Structures are given as C-alpha cells and as structure tokens.
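To start, the structure itself, in structure tokens.
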Amino acid sequence: MHTLIVIDQPPYGSWGGRESLDMAFSLAAFDQPVSLLFIDAGVLWLKQGQEPDGIYQKSVERNLAAASIFGVEALLAEATACHRFGLTDNNLINGVTRIENTGTTLQQYQHVVFSG
Amino acid sequence: MHTLIVIDQPPYGSWGGRESLDMAFSLAAFDQPVSLLFIDAGVLWLKQGQEPDGIYQKSVERNLAAASIFGVEALLAEATACHRFGLTDNNLINGVTRIENTGTTLQQYQHVVFSG
Amino acid sequence: MHTLHIVSKPPGNTRFRECLGMMGEQDALLLTGNAVTALADSTITLPAMVYALQEDVRARAIDPRQDISGQVTFDDMVSLTIRAQRVISW
Amino acid sequence: MHTLHIVSKPPGNTRFRECLGMMGEQDALLLTGNAVTALADSTITLPAMVYALQEDVRARAIDPRQDISGQVTFDDMVSLTIRAQRVISW
Amino acid sequence: MPADIHTFTLVITGAPYSSQAPETALGFARAVLRAGHTIDRVFLYGEGVHLASSLASPPSDETNWTRAWGDFLQEHSVPAVACIASALRRGLVNESEQKRYQLPASNLAAPFEIAGLGEWVESTIKSSVQSSRVIYFHGGA
Amino acid sequence: MPADIHTFTLVITGAPYSSQAPETALGFARAVLRAGHTIDRVFLYGEGVHLASSLASPPSDETNWTRAWGDFLQEHSVPAVACIASALRRGLVNESEQKRYQLPASNLAAPFEIAGLGEWVESTIKSSVQSSRVIYFHGGA
C-alpha cells in the first residue's frame with residue numbers, strides 16, 4: 001500500500017512540513033512505499049538556494065534532495081502552484097515531478113496523509 | 001487610549017476567541033476603554049442559540065451578551081460577513097453594531113490586537 | 001461513496017479549498033469542528049454528498065441548508081469511515 | 001507612514017487577506033516568517049510600501065520583486081515600529 | 001474475528017485548548033467501541049502530544065481532556081503513544097527521558113507512553129487490510 | 001529619559017517548534033537593546049506559554065528556544081511573564097501552582113514567571129505614551 005504525504009505550507013514558519021518529512025522517511029525506513037506531494041505554498045520546500053541559518057533552522061533542501069536515497073519513491077509538485085511561485089526547471093531541486101491534476105494523483109493512493 | 005480586539009475565527013474550534021475575550025474583559029476590569037470587532041467567520045460568535053454542551057464547552061454567547069455590563073464599550077460586526085453567514089437582526093445577540101467599512105473603523109483605534 | 005473527506009478547518013482555510021478542489025465525484029465530505037460553518041457560508045458551494053457532525057452544528061447555532069445530506073452522530077461517522085473505501089483527513 | 005502592519009502568516013491565510021483589505025493608503029506592510037512568500041506569489045498584489053525581513057527571505061530562497069521597498073534587518077524593523085504612529089500585528 | 005469487526009488506529013495532531021481534535025477523537029473513539037469495533041492504538045503527533053501532559057489544569061468548569069482520555073484508555077485497555085520526536089521538542093517527557101536528558105521533571109500522564117514513529121508505521125502497514133482504518137484528527141485553526 | 005529612547009513590551013503568542021514567533025521576537029528584542037531602547041517586559045500568551053517550558057529537549061542540532069530566551073532575559077535583566085490562564089490550561093506550572101493544584105511536577109523554566117493578564121493591561125496602559133510600544137509576535141500557520 002502506497003502512502004502519499006501532502007505538504008501545503010511554506011517551509012520554516014511552522015513545523016508541520018518537517019513532521020511530514022519525518023513520516024515519509026520513517027515509512028521508507030520500514031520499506032513501505034511512500035511519495036510526497038507538494039501543493040499550494042508547500043511547493044516552496046522544493047526551491048534551490050534555501051539559507052535558513054539566519055533564522056537558526058536547518059535547511060530541509062538537502063533532506064529533500066536525498067529523499068530518493070532514503071527510499072522515498074517520488075517528489076510530486078502541483079504544476080499550477082509551481083507556476084504561481086515562480087518555480088521552474090532552473091530553480092527546482094533535482095528529482096521533482098510536476099503534475100497537472102492533483103485530484104487525479106490523489107485518487108491513486110490508498111493512504112493520503114497530512115501531518116497536522 | 002481605546003483598544004480594539006479583533007476576532008476572525010469561528011467559535012469553539014480553537015481557543016483564540018476565548019483568549020481575546022479574556023483580554024477585553026481584563027482591560028475593562030481595569031477601566032480601560034475596549035471594544036470588540038468581529039470579522040470574517042468570527043461574526044458567528046454573535047449568533048443566538050449556541051449550544052456547545054455536546055462538545056463539552058461553555059457557551060460564550062452569555063459572556064458576549066453581558067459584555068457591556070463588564071464594561072466593554074462596543075460589539076462591532078463586519079456587515080458583509082454577517083450577510084455572508086446569514087446573520088440578521090433576528091438571530092444576532094443584543095447590542096451588536098454592524099459596520100460597513102472595517103478599514104475606516106480600524107483607523108479609529110490606537111491599539112488594535114489579535115490574541116494570536 | 002469512494003472516499004470520505006473529513007475536514008475540521010473553517011471554509012476560509014486553504015486546506016478546505018484544497019479539499020473541495022481535489023474531491024472526486026463519488027466522494028463524500030464530512031464537516032467537523034469549525035468546518036461546519038461552511039453550511040452557513042453563502043460563498044461556499046458544497047458537493048452533493050455532505051455530512052456534518054450534529055454536535056458541532058448545534059454548538060455554533062448553524063441552520064443547516066435544506067439541500068445537504070444531513071447531520072450525523074459519532075455513530076454515523078464510524079459507519080461512514082467503514083463504508084468508505086478510504087478516508088482522508090484535511 | 002501612518003500604521004505599520006506586521007504579517008507573519010502566508011498569503012493564503014485569511015488573516016493576510018484581511019490585512020490587505022483594511023490597510024490605509026499611508027500604511028506600510030512588513031512581512032515576517034511565512035508571510036515573505038507573498039513576494040514570490042504571482043497571485044498577490046502588494047501595496048506600495050512593503051518591507052520583508054531579510055533572514056526570512058533568504059531562508060526561503062525568495063527572489064524579491066524589483067518593485068518593493070526592500071528587505072530589512074531587525075535593526076530596521078525596530079526603526080519602523082518607532083517611526084509608525086501605530087503597529088498592528090496580524 | 002468476524003468480517004464486520006473493524007480495527008481503528010486514531011492519530012491526534014491537534015492540541016487540547018487550542019483545537020477540538022482531542023474532543024472529536026474521543027467522541028469517535030467511544031462510538032467505535034459502542035459499535036463493537038476495536039481500537040488498536042491512539043497515536044499523538046505534532047501538537048497532539050500536549051494531550052498527554054499531566055500538568056494541564058484547566059478551570060474547574062472546563063473539561064480536563066488529559067483526564068477524560070486517560071479514563072477512556074484505562075477503562076478499555078487501549079494503548080496510547082506520543083511520538084518521541086514531537087514530544088521532546090515540545091517539553092513532554094517521561095521518567096526515562098527525564099534521566100537521559102537530565103531534565104528537572106517529567107510530565108507524561110498515565111497511561112500515555114512515548115515511542116517512535118515506528119508505532120505509526122506499524123498501524124499504517126496493518127491498515128492495508130480492508131478491515132483496518134487509520135483516522136486522523138487535525139486541529140481546526 | 002531622552003525623547004528618542006523608547007520602551008517596548010513584547011507579546012509572544014506563537015509556540016516554539018510550531019511557529020517562528022519566539023525566533024522573530026528574539027531577533028527583534030536584541031535589536032531593540034542594540035539601538036539603546038529598553039524592554040520593560042515580555043508577555044507570553046496563548047500558545048506562546050510553551051516557550052517557558054523547562055522540559056523542551058529539541059535535537060542537539062536545533063536551537064533550544066527556551067534556553068536562548070532565558071539567557072537573553074537573564075543577561076539583560078528583562079522580566080518575562082507567562083499568562084496564568086493560558087499556562088494552566090496548557091500544562092505550564094511553577095512550584096506554587098503545582099502545590100495549589102496538587103500536580104506531580106512543575107515545569108516553568110527560570111527566569112520566566114507566571115502572572116495574570118493585569119501585567120499585559122499595565123503595558124497596554126503605558127503604551128499610550130508616544131515613547132512606548134507593545135509589539136505582538138503571532139504564529140505563522
């Protein structure tokens with residue numbers, strides 16, 4: 001059973017996104033198929049060049065770039081949200097698949113989860 | 001100096017509105033002029049007939065109906081939000097003043113506060 | 001019913017709008033907590049199959065729309081989660 | 001500047017929209033935390049006087065729009081709160 | 001187990017006194033047992049871990065949700081687990097974490113326990129069976 | 001006091017590890033003192049009271065905001081107060097509240113104190129003077 005974990009908030013302002021990643025990495029650690037879907041302002045997690053040292057947080061960019069190594073099957077991003085926030089091939093981290101119809105994507109997973 | 005405390009969330013789903021009322025009643029207890037402004041879904045705090053026993057909470061309707069006795073100068077409600085949520089003279093609690101232009105109202109208070 | 005979507009956030013929350021935008025035609029919506037205020041919100045178009053937790057509706061003195069599927073108890077909510085092929089909480 | 005409006009919530013939050021709707025013409029907007037994502041959001045029209053906390057902008061790799069008043073440090077933020085006749089946090 | 005008996009895992013991510021999540025989840029949990037189904041586990045995640053605080057002292061005319069949940073869990077022998085990563089960040093610790101991190105006190109209410117996300121993964125794996133469900137209760141802000 | 005010296009009250013309503021409010025407020029507080037102004041009080045309200053928990057134990061590579069704020073407050077002798085009503089509901093108590101409510105422990109970190117909304121009202125009254133400001137730091141969700 002494939003789990004889809006959805007992130008819809010920007011990075012760093014709250015801990016929900018980090019706790020979503022923890023869920024994804026835990027499933028992957030137990031060899032359970034899991035993918036991440038970024039929608040709305042959540043797509044900003046996928047932008048290159050994040051430098052959160054100044055707000056005393058760790059960058060999540062490296063974790064996400066290493067997601068496939070950890071066993072996360074796919075990083076999916078809502079195409080319209082990417083367009084809205086100026087995310088293009090040039091500034092998205094590697095390994096992101098943009099999807100046009102999130103509703104259709106959602107239908108494909110038995111287990112769809114928000115962290116909070 | 002008159003304080004305006006603004007409530008923009010529906011009742012009972014979170015504690016922010018209650019903590020806004022606590023702020024208003026505290027100012028009033030120290031004889032400081034204070035009014036409450038309800039905007040957006042926050043106007044639902046002002047509806048008659050709330051029965052939160054089933055969700056194990058106390059009704060805030062009585063507190064609000066007694067606001068002027070506690071020294072709160074005015075209960076202001078955004079007129080367009082009242083219209084949106086079907087609030088009329090027949091189902092609003094007593095003592096509510098509907099205002100057309102919240103921006104203009106906001107300009108009149110030196111101290112404008114959200115509880116969270 | 002294919003999927004039961006449970007929403008607890010008010011209709012102005014982005015999560016509520018995301019849910020409405022991604023629901024399938026065979027899906028049902030269950031409103032809990034502050035989400036029941038959507039029943040009173042004239043700016044919101046709800047899908048055909050909508051349920052709302054009765055105690056949350058009563059708490060907020062919401063007049064349910066005539067056209068919705070109805071108020072449910074927690075017992076009904078349990079049945080809905082079993083009848084659904086899957087459940088998503090927003 | 002008459003009022004300094006400090007917003008910490010992202011542009012999809014109702015609070016952000018309420019702030020934009022109630023700002024006066026002499027007012028300035030200061031974006032902190034997740035609110036800085038409004039600078040990258042092509043669906044948001046920001047007022048003339050907009051500031052954003054530099055460290056929050058950098059954290060999120062936001063490319064600031066050319067037309068905004070600029071990124072500010074915490075030192076600048078203190079000055080802004082003093083220059084303003086009043087400050088509202090949303 | 002007859003085919004019409006279902007097993008539920010409840011995940012609570014909203015805190016009491018900030019959200020209705022613990023209340024909605026408890027109403028649901030009672031209805032699950034009333035209908036003859038079972039609850040294999042309650043999992044607290046994110047803000048939800050605050051439900052397990054032994055120090056919450058709401059005014060006497062408000063419900064103490066830690067106690068209401070604790071009574072329910074004990075009466076029905078339902079295990080409840082707070083995620084350790086969420087709990088440590090938010091200042092929710094049992095005696096063993098108190099010792100490990102040399103903290104001045106512990107504040108985990110019985111019968112809640114602290115464990116890793118593995119417990120949630122286990123429930124997720126189980127829910128691939130048709131007679132099993134994981135239901136999430138989020139905050140309402 | 002010269003006319004260009006201002007007095008600030010900071011009100012924090014967002015919790016650490018759920019919001020950036022404590023971080024933004026601390027950056028602002030440091031800049032206030034750097035500019036020669038004063039902070040008469042920090043007031044924690046709502047979710048913000050969690051900042052005063054002595055039991056928060058984030059991973060070693062994350063900032064401990066209770067400690068960072070505690071160090072700042074002590075170094076500059078700035079008083080910080082958690083609202084008693086918010087604190088009791090959310091399980092944040094000092095020794096005297098522990099005794100009063102017969103609780104198993106207390107978890108208020110030094111130098112934070114617990115007091116009523118009267119402290120906030122006092123700051124609000126003071127802020128009617130032109131050289132005084134109350135600045136709120138809310139959560140970002």
Side-chain angles (χ1 to χ4, degrees), chain A residues 1-20 23-24 27 32-46 74 76-85 87 97-116, chain C residues 1-38 41 43-53 56 68-69 72 74 76-90:
Chain A
M1 189 189 55
H2 205 132
T3 299
L4 183 70
I5 296 184
V6 189
I7 293 180
D8 64 350
Q9 292 294 320
Y12 307 115
S14 66
W15 259 245
R18 284 179 196 279
E19 295 186 316
S20 300
M23 288 176 134
L27 284 170
Q32 297 301 306
V34 58
S35 292
L36 284 159
L37 170 64
F38 298 82
I39 61 175
D40 210 326
V43 295
L44 286 165
W45 285 85
L46 302 169
L76 309 171
E78 183 183 20
T80 51
C82 288
H83 184 72
R84 173 179 161 201
F85 287 99
L87 287 165
T97 305
R98 270 168 288 183
I99 54 168
E100 296 295 333
N101 191 326
T102 51
T104 308
T105 302
L106 218 63
Q107 297 290 340
Q108 294 160 14
Y109 296 82
Q110 176 60 22
H111 198 212
V112 177
V113 176
F114 290 87
S115 71
Chain C
M1 170 176 46
H2 181 269
T3 302
L4 177 68
H5 300 269
I6 302 178
V7 188
S8 54
K9 295 168 175 69
N13 194 292
T14 50
R15 197 68 71 79
F16 197 112
R17 284 174 274 151
E18 290 157 11
C19 172
L20 290 185
M22 293 192 216
M23 279 181 69
E25 288 188 6
Q26 306 291 310
D27 296 354
L29 184 64
L30 171 59
L31 307 172
T32 73
N34 273 347
V36 303
T37 62
D41 186 342
T43 65
I44 295 283
T45 304
L46 292 169
M49 266 189 289
V50 181
Y51 305 92
L53 264 186
D56 283 313
I68 72 149
S69 307
V72 296
F74 279 115
D76 300 325
M77 180 174 172
V78 171
S79 304
L80 287 170
T81 63
I82 288 174
R83 276 170 47 205
Q85 288 175 50
R86 94 188 156 148
V87 180
I88 302 178
S89 290
W90 296 77

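Quick caveat, the model's predicted, so the values are computed rather than measured.
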Q) With sequence neighbours excluded, what pairs up with A/Ala24 under the side chain to side chain contact (heavy atoms under 4.5 Å, CB included) test? A) A/Ile5, A/Val34, A/Leu36, A/Val72

Q.
Tell me every residue that passes side chain to side chain contact (heavy atoms under 4.5 Å, CB included) with C/Ala28, counting only those two or more places apart in sequence or in another chain.
A. C/Met1, C/Leu4, C/Met49, C/Tyr51

(Q) Which atoms of A/Leu106 are under 4.5 Å from chain C, going by heavy atoms: the side chain, the backbone, both sets, or neither? (A) both

Are there donor-acceptor atom pairs under 3.5 Å between chain C and chain A, and if so which?
residue, atom, partner, partner atom, Å
C/Arg15, NE, A/Asp8, OD2, 2.5
C/Arg15, NH1, A/Gly116, O, 3.2
C/Arg15, NH2, A/Asp8, OD1, 3.3
C/Arg15, NH2, A/Gly116, O, 3.2
C/Gln85, O, A/Gln110, NE2, 3.1
C/Arg86, NH1, A/Leu106, O, 2.5
C/Arg86, NH1, A/Tyr109, O, 2.5
C/Arg86, NH2, A/Leu106, O, 3.4

